[in-house]
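Bear in mind the structure is a predicted one, so any value in this text is a computation, not a measurement. Each chain gets a letter, A, B and so on, in the order the sequences are listed, and its residues count up from 1.
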Protein chains: 2
Amino acid sequence: MQTTNTTEQQIIEAARKIFMQRGLSGARMQDIADAAGINKAMLHYYYRSKDKLFEIVFAEAVQALLGRVNAIFAGDMPWKEKIVAAIDNYITSISENPYLPLFVLHEINQNPDRLVSQFLHGPLFPNLRAFMAELAEEAAKGNIRKVDPLQLMISIISMCVFPFAAKPLLTGVFQMDANAFGKFIEERKKFVGSFVLNALEP
Amino acid sequence: MQTTNTTEQQIIEAARKIFMQRGLSGARMQDIADAAGINKAMLHYYYRSKDKLFEIVFAEAVQALLGRVNAIFAGDMPWKEKIVAAIDNYITSISENPYLPLFVLHEINQNPDRLVSQFLHGPLFPNLRAFMAELAEEAAKGNIRKVDPLQLMISIISMCVFPFAAKPLLTGVFQMDANAFGKFIEERKKFVGSFVLNALEP
DNA sequence: CTTTGCATTAACCAAATGGTTAAACAACTT
DNA sequence: AAGTTGTTTAACCATTTGGTTAATGCAAAG
């Protein structure tokens, strides 16, 4: 999130804000221009079209959401610590941009092909796959309960991501204010970690 | 999902389909008319405006997603069975309309106020609250590990709902086809149940 | 058969929206 | 001072889109 003052950057920042909040179809070029404090023609001058501009913001967002999932499972900690660290790490990083998960999920749903083009740039989560293999080994050795690593991984991601995707729903249903939600998320870092470790106990 | 052939019903069905797929801002009245096989003017004849039509579809969807969460925790089974049954039940019911979770989450995010109006019609999940209280009791008695019931509830909901919200992402990243995803969901009913019970073991 | 009242349609309308353009501006070169 | 080049703007344009309307169809009531 650099904040240089070049017009190009101002546009990207404004586009990020508006697209994340309203999605591709809900965003208005005029609103992005207003948010950037510049003339609408500049958007096209620098980025040609709404779609091109969106593509940039979207690619960035996918990277922030998925790229991190892989990065977080790097390192050579023992598996227990790695799980706990990864969860803490991931929840913290999403906290910094709570709109991100739902934005990415929604736009992928609108046009799944867009995701494919993102994956041509890199391999499919090597660290995550390595970690899943490691879990399978530990299960074979009897150190953890025998579980499908894919189901486990998706469960962990679910528990980390979903609360953010459902934030307005949760705050509405359980009558939390912004403060209570922040506290809930802080708690959650600890909860999910121990919840998962306990569930893996043989 | 009645399928009577009155024009009014055809419109609602078409609106459901289009709104769920594309969201409020992405849906076009013309597309809804086409999907229903009728003239666009009929939409306004029967439902006045896009917003009014959307409101109906949205209210229905909220009911399907949240109403069921409460209904599922009804009954007087012992808590272990209740958890397992609720999970199986909930995943099954979402399977029938996989677009639903993301649709509701996205639209609530766009306009959280819309949710509030839904809750004037009924109390806030009495069964779910009762069940959370029951869990707290069991924890006090030492029958389950001491956990925050709210964190637990949200974890269960996360693990059930998120895979559907992220379906195109998961099938993309883990290279599943529609068939493999169906199998994954079938497996998941069992996995989440035992995962949760294990995590609650004292 | 004609009237009455709802259902349906094609044509139309005004506002919104993504995109373009020609002119003004500003900084830098010659 | 006069070009030269990249930046910015106001005005404009074509299309899309939600919404309306006047005319037509049509079945039941008289």
Return the value, rounded to whole Å, for the distance between atom [atom1] of [X] and atom [atom2] of [N].
{"X": "Tyr45(A)", "N": "dT9(D)", "atom1": "OH", "atom2": "P", "answer": "12 Å"}
{"X": "Lys50(B)", "N": "dA16(C)", "atom1": "NZ", "atom2": "P", "answer": "14 Å"}
{"X": "Asn39(B)", "N": "dG18(D)", "atom1": "CG", "atom2": "P", "answer": "14 Å"}
{"X": "Leu24(B)", "N": "dG18(D)", "atom1": "CG", "atom2": "P", "answer": "9 Å"}
{"X": "Ile11(B)", "N": "dT9(C)", "atom1": "CD1", "atom2": "C1'", "answer": "13 Å"}
{"X": "Arg48(A)", "N": "dT21(C)", "atom1": "CZ", "atom2": "P", "answer": "11 Å"}
{"X": "Gln30(B)", "N": "dA10(C)", "atom1": "CD", "atom2": "C1'", "answer": "12 Å"}
{"X": "Ile38(B)", "N": "dA7(C)", "atom1": "CD1", "atom2": "P", "answer": "13 Å"}

For [X], answer base if it contacts any base atom (sugar-phosphate contacts may also be present), sugar-phosphate if it contacts only those atoms, and nothing otherwise; contact means non-hydrogen atoms under 4.0 Å.
{"X": "Tyr46(A)", "result": "sugar-phosphate"}
{"X": "Ala33(A)", "result": "nothing"}
{"X": "Met29(B)", "result": "sugar-phosphate"}

Rounded distance [0.5 Å steps], CD1 in Ile72(B) versus CD1 in Ile87(B)
10.0 Å
For the rings on Phe191(B) and Phe195(B), is their centre-to-centre separation under 6.0 Å?
yes
Taking the six-membered ring where the residue is Trp, are the ring centres of Phe54(B) and Phe19(B) under 6.0 Å apart?
yes
Between [X] and [N], is there a contact of a side-chain N or O with OP1 or OP2 at under 4.0 Å?
{"X": "His44(B)", "N": "dG19(D)", "answer": "yes"}
{"X": "Arg28(B)", "N": "dT16(D)", "answer": "no"}
{"X": "Thr7(A)", "N": "dT7(D)", "answer": "no"}

Determine whether any donor atom in the side chain of Lys40(B) lies under 3.5 Å from an acceptor atom in the base of dG19(D), or the reverse, and answer yes or no.
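Side chain to base: pair found, below 3.5 Å.
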Ignoring hydrogens and angles, state whether a donor on the side chain of Gln30(B) or Asp34(B) is under 3.5 Å from an acceptor on the partner side chain.
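Their side chains do contain a donor-acceptor pair, which is all the 3.5 Å distance test asks for.
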Return the minimal non-hydrogen interatomic distance between Val196(B) and Leu152(B), and the atom names on each side.
CG1-CD1, 4.2 Å
